[in-house]
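Report on one structure; see the data block that follows.
The analysis underlying the following values was restricted to heavy atoms, covering all of them including side chains, and did not include hydrogens, waters or symmetry mates. All of these numbers come straight from a predicted model, not from anything done at the bench.
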Amino acid sequence: MIIQRASCFHRALLTSLEKVGPRYFIASAQTSAQPSTYRDYESRDIFDWDNLGFKLIQTDYMFMTRSSQNGNFEKGKLNPYGNIELSPSAGVLNYGQGLIEGTKAYRVDDGRIFLFRPQESGIRMQIGAKRMCMPSPSIQQFVDAVKLTTIANKRWIPPAGKGSLYIRPLLIGNGPILGIAPAPEYTFIVYACPVGNYLRNGTQPLTLYVEEEHHRATQGGAGGVKAITNYAPVIKAIQKAKERGYSDVLYLDSVNKKYIEEVSASNIFLVKGKNISTPVASGTILEGVTRKSIIDIAHDLEYQVEERLIEADELFSADEVFCTGTALGVAPVGSITYKNKRINYKVSSDLISEQLNSRLVAIQKGIIEDKRGWIIEIK
């Protein structure tokens with residue numbers, strides 16, 4: 001198994017949270033970060049992992065660094081998890097200048113801890129920052145911060161098969177500004193939270209509703225980057241769909257109103273025979289890391305994969321539909337309602353999505369060879 005090994009971190013046991021006091025770790029934003037101490041308890045002693053779910057659980061530490069005058073990011077601090085102070089005139093509060101990312105750490109059967117493609121999230125943050133007129137940490141700074149946050153919260157990583165540690169990097173314009181312009185200062189934060197299944201109903205297939213009134217993104221907007229401003233507008237449509245018993249919403253393009261784009265926080269794929277199609281990412285669709293991984297895996301398994309415009313009417317003839325995302329994973333779709341017509345899809349253990357998901361999970365757990373360098377092992 002080819003695995004990229006991260007730098008080994010020094011470890012020391014803190015006997016209680018009260019002893020932490022003002023202690024924090026100093027990590028160079030320019031080089032590989034190595035904490036000198038962190039809390040290290042057996043994970044099984046702190047939580048009922050069988051009932052984890054997907055909700056906010058406060059962990060021990062979060063990473064933080066700020067940009068200097070020239071836009072470079074300074075040395076970072078790993079502080080106890082807590083609130084941050086913002087000016088009421090902060091750019092992120094007044095003009096929404098902010099980006100979010102998401103990646104996961106997994107504990108495998110033999111106790112090792114793996115990260116899955118955090119560098120891809122770092123690249124995506126850089127692309128998003130350019131679109132939002134923000135400086136961004138380098139890819140190495142990003143990955144080092146994710147590693148540091150993971151190891152500092154190691155005791156919160158669920159046992160193998162019980163979930164994962166969801167890691168949330170944030171880039172926000174914290175500097176005060178009155179007129180519409182880039183903020184004068186930026187903060188990069190990474191925090192983490194243990195999570196189980198993203199869906200409330202566990203592993204049940206998704207039930208989607210095609211939204212024809214509200215749109216998630218428009219051409220020329222910021223729909224193709226992971227901006228914080230992309231998510232508040234979808235809440236109304238999600239609430240309406242869930243009130244009617246659906247899992248989530250599938251959005252159409254805002255120009256022609258006939259091409260499917262993506263679900264609220266995940267990408268979508270259609271299967272017809274041996275052909276797999278997914279909407280082309282042309283500025284209104286977020287290019288998910290799981291999406292990219294599934295496309296590569298599908299090619300490896302000799303499926304034909306097309307990234308193209310997909311008319312909503314094609315939903316009626318698809319053999320299978322599934323969604324992908326960092327939080328969601330790979331999830332089959334049981335039904336989609338479009339123009340008041342419910343389309344049901346087969347749900348069984350021999351789905352192509354199940355085959356793709358099995359291969360993805362096997363790579364993430366180090367069961368099969370990682371030929372692309374997707375996995376980073378940290379100690």
Between [X] and [Y], does any side-chain donor sit less than 3.5 Å from a side-chain acceptor?
X      : Y      : answer
Thr324 : Arg291 : no
Gln355 : Tyr303 : yes
Ser277 : Arg308 : yes
Arg342 : Asn344 : yes
Glu320 : Ser353 : yes
Asn275 : Gln304 : no
Glu212 : Tyr338 : no

Partners passing salt bridge (charged side-chain N to carboxylate O under 4.0 Å, His left out) against Glu261 (at least two apart in sequence or in another chain):
none

Holding to salt bridge (charged side-chain N to carboxylate O under 4.0 Å, His left out), I want the full list of residues that pass it with Lys292, two or more places apart in sequence or in another chain.
Glu120

List the residues meeting ring pair (Phe, Tyr, Trp, His ring centres under 6.0 Å) with [X], not counting sequence neighbours, and say none if there are none.
X      : result
Phe269 : Phe322
Tyr246 : Tyr209
Phe54  : Tyr166, Tyr198

Kindly check if the number of other-residue, nucleotide or ligand heavy atoms within 6.0 Å of CG (Asp109) is above 12?
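Not buried by this count: 12 neighbours or fewer within 6.0 Å.
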
Please confirm whether the backbone N or O of Ile297 pairs with a side-chain atom of Arg359, one donor and one acceptor, at under 3.5 Å?
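No: the side chain of Arg359 does not pair with the backbone of Ile297.
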
Nearest heavy-atom approach of Met134 to Gly173 is CE-N, 4.2 Å

Show the nearest heavy-atom pair for residues Val143 and Ile376, with the distance to one decimal.
CG1-CD1, 4.2 Å

Would you mind listing the cluster partners of [X]? Hydrophobic ones only (ILVMFWY), side-chain contacts under 4.5 Å, chaining allowed.
X      : value
Tyr251 : Val234, Ile238, Val249
Val361 : none
Met62  : Leu56, Met64, Tyr81, Ile84, Leu86, Val92, Leu93, Ile100, Leu170, Ile172, Ile189, Tyr191, Ile228, Tyr231, Leu286
Ile180 : Tyr95, Ile177

[X] [atom1] to [Y] [atom2] distance, which is reported to the nearest 0.5 Å:
X      : Y      : atom1 : atom2 : answer
Ile343 : Glu314 : CD1   : CD    : 11.5 Å
Lys274 : Leu301 : NZ    : CG    : 8.0 Å
Lys75  : Ser68  : NZ    : OG    : 13.0 Å

Any residue meeting side-chain contact (heavy atoms from CB on, under 4.5 Å) with Ser266, in chain and number order, not counting sequence neighbours:
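For Ser266, the residues satisfying side-chain contact (heavy atoms from CB on, under 4.5 Å) (neighbours in sequence not counted) are Val263, Cys323, Leu328.
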
Residues that Asp350 engages under side-chain contact (heavy atoms from CB on, under 4.5 Å), provided they are two or more places apart
Ser348

Can we say Lys258 and Asp253 salt-bridge, meaning some charged N sits less than 4.0 Å from an Asp/Glu carboxylate O?
no

Ionic contact status for Glu262 with Arg216, cut-off 4.0 Å
yes

Pairs satisfying ring pair (Phe, Tyr, Trp, His ring centres under 6.0 Å), at least one member in residues 357-379, at least two apart
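Qualifying pairs, neighbours excluded: Phe116-Trp374.
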
